[in-house]
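In what follows, a single structure is set out as structure tokens and then discussed.
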Amino acid sequence: MSYTHLIREHYPKLTKSEKKVADFILSAQDKVIYSTISDVKKNTGVGDATIIRFCQKLGFSGFSDLKIEIAKENFNHHEATDQTVNFADVVSKRLVDAVLATQQLINIEHVEAAVKLVTEAQHIYIFGVGSSGNTSTDLEGMFLRAGVQSKAVIDPHFQAQVASLLTKDDLVIAFSLSGKTKDTHDSVTIAKQNQAKIISITNYLLSPIAQQGDVVLQTAIEEFLNGGSLAGKVSQLYICDVLVNGYERANQVDTLKLKETVLRSILDKSLD
């Protein structure tokens with residue numbers, strides 16, 4: 001039974017406050033999976049206990065359990081649709097859609113502001129964990145090929161240590177698709193307290209990590225059940241490439257000369 005049918009079946013037996021939660025979830029539909037209990041409280045005016053009690057009346061242990069069920073239903077719907085199409089075409093379409101969706105969210109003024117922060121920074125550190133940590137390492141390499149020294153820090157403990165030593169002349173670039181990754185948020189908070197500049201790269205402009213940013217560059221791929229997907233990484237990498245190209249253009253970087261220098265440095269690393 002779908003979660004919508006489950007809610008409607010139990011609706012007559014819900015209290016007035018619980019019905020507010022039910023109405024919100026039915027109106028928000030699958031967007032609920034990206035909401036927190038605080039979001040539900042803000043939109044319904046009820047307390048934590050009411051939300052948890054509502055979920056338990058539906059047979060779930062709590063709000064997270066309900067969100068997982070909604071995500072599974074949404075995932076199964078897309079999987080069933082994808083079965084009728086060549087799977088290779090499905091994969092390519094997801095990746096193309098990821099780039100196009102991210103492109104639509106590009107704010108050139110924000111990109112230019114981010115480029116200015118990169119140009120002026122004394123030290124640049126890139127924070128991310130999990131899949132976003134891998135993207136952090138990718139951006140470090142992309143910056144290096146543009147002549148920019150930066151350091152990807154993907155261990156939360158090292159992030160906190162680095163953040164504690166930053167100054168107003170330093171820059172942190174923080175990756176989190178959800179904008180709610182606790183380890184990254186904690187490290188960014190420390191950096192912010194030390195007056196370091198922050199570029200947040202995330203899906204949600206109102207997310208905690210976005211709120212810490214001096215500049216926010218927006219990605220487009222929502223993930224919950226399918227965390228760490230290639231489409232999410234492609235969205236992040238597209239933003240990385242835009243940022244690096246923006247830096248090269250603004251600073252008139254001789255990319256051909258740099259590429260030659262890098263190539264000559266690694267030529268002897270190849271086997272004959």
Side-chain angles (χ1 to χ4, degrees), residues 96-128 132-153 159 162-163 166-179 181 184-185 187-189 191-222 231-259 262:
V96 171
D97 286 349
V99 172
L100 294 178
T102 310
Q103 180 188 29
Q104 291 176 2
L105 297 174
I106 291 289
N107 183 315
I108 293 301
E109 290 183 358
H110 289 183
V111 173
E112 291 173 346
V115 166
K116 187 172 185 292
L117 291 179
V118 171
T119 302
E120 295 175 350
Q122 183 173 348
H123 302 103
I124 301 172
Y125 294 95
I126 312 169
F127 291 175
S132 291
N134 294 334
T135 305
S136 300
T137 303
D138 290 332
L139 180 56
E140 178 186 344
M142 294 166 73
F143 269 142
L144 184 61
R145 290 187 288 275
V148 178
Q149 297 281 347
S150 63
K151 178 63 179 175
V153 186
Q159 282 182 9
V162 168
L166 298 181
T167 71
K168 62 182 177 61
D169 298 318
D170 299 323
L171 170 66
V172 169
I173 302 174
F175 285 98
S176 171
L177 287 173
S178 69
T181 308
T184 304
H185 178 261
S187 300
V188 168
T189 298
K192 192 74 173 177
Q193 289 170 348
N194 286 320
Q195 300 183 336
K197 302 299 187 298
I198 311 294
I199 298 174
S200 299
I201 302 180
T202 179
N203 284 354
Y204 305 106
L205 298 179
L206 298 178
S207 65
I209 290 175
Q211 292 295 294
Q212 297 275 36
D214 295 282
V215 178
V216 181
L217 302 180
Q218 200 171 2
T219 46
I221 302 304
E222 296 181 339
K233 186 172 180 64
V234 165
S235 182
Q236 290 178 325
L237 288 176
Y238 174 72
I239 290 293
C240 291
D241 211 18
V242 169
L243 178 59
V244 172
N245 273 270
Y247 173 86
E248 291 173 342
R249 289 172 179 269
N251 291 278
Q252 298 181 328
V253 175
D254 187 343
T255 55
L256 181 60
K257 183 178 180 180
L258 278 173
K259 289 179 187 298
V262 172

d(Leu217 CG, Phe175 CZ) to nearest 0.5 Å is 8.5 Å
Tested for side chain to side chain contact (heavy atoms under 4.5 Å, CB included) against Ile126, the lone hit among Thr135, Ile201, Thr137, Leu139 is Leu139
Nearest heavy-atom contact between Val234 and Ala98 is CG1-CB, 4.3 Å
His110 and Val215 have their tightest heavy-atom pair at O-CG1, 3.3 Å
Run the side-chain contact (heavy atoms from CB on, under 4.5 Å) test on Leu258 and Arg145 for me, step by step, so that the C-alpha distance in whole Å, both residues' side-chain angles and the decisive distance to 0.1 Å come before the verdict.
CA-CA 7 Å; Leu258 278 173; Arg145 290 187 288 275; over 6 Å; no
Distance col, row Leu206:CG vs Gln211:CD, nearest 0.5 angstrom, shows 5.5 Å
To the nearest 0.5 Å, atom CD of Glu248 lies from atom CG of Asp241 at 8.5 Å
Quick check against the 3.5 Å criterion: does Lys197 have a side-chain atom that pairs as donor or acceptor with the backbone of Asp170?
no
Using modelled atom types and a 3.5 Å cut-off, is there a donor and acceptor pairing between side-chain atoms of Thr202 and backbone atoms of Ser176?
yes
For Asp97, the salt bridge (Lys or Arg N to Asp or Glu O under 4.0 Å) test, sequence neighbours excluded, returns Lys93
When you measure from the side chain of Glu140 to the backbone of Ala152, do you find a donor-acceptor pair of N or O atoms at a distance under 3.5 Å? yes
Smallest heavy-atom separation, Ser207 atom then Ser178 atom, equals CB-O, 3.7 Å
**Message:** Between Gln236 and Ser132, is there a side-chain donor-acceptor contact under 3.5 Å, judged purely by atom types and distance?
**Reply:** yes
task: Please lay out, stage by stage, how His123 and Leu166 fare under the test side-chain contact (heavy atoms from CB on, under 4.5 Å).
output: CA-CA 9 Å; His123 302 103; Leu166 298 181; 5.6 Å; no
Value for CE (Met142) from CG (Leu243), rounded to nearest 0.5 Å, stands at 8.5 Å
dist Ile209:CD1 -> Thr184:OG1 (nearest 0.5 Å) comes out at 5.0 Å
Around atom NZ of Lys192, are there more than 12 heavy atoms from other residues, nucleotides or ligands closer than 6.0 Å?
yes
In Thr219, Thr102, Asn203, the residue satisfying side chain to side chain donor-acceptor pair (under 3.5 Å) with Ser235 is Thr102
Distance col, row Phe143:CZ vs Ile173:CD1, nearest 0.5 angstrom, shows 4.0 Å
Hits for side chain to side chain donor-acceptor pair (under 3.5 Å) against Lys151, two or more places apart or cross-chain, chain-then-number order -> none
| said: Using the rule given for side-chain contact (heavy atoms from CB on, under 4.5 Å), can you reason through Val172 versus Val153, listing the C-alpha separation, both sets of side-chain angles and the distance that settles it, and then say yes or no? | reply: CA-CA 10 Å; Val172 169; Val153 186; over 6 Å; no
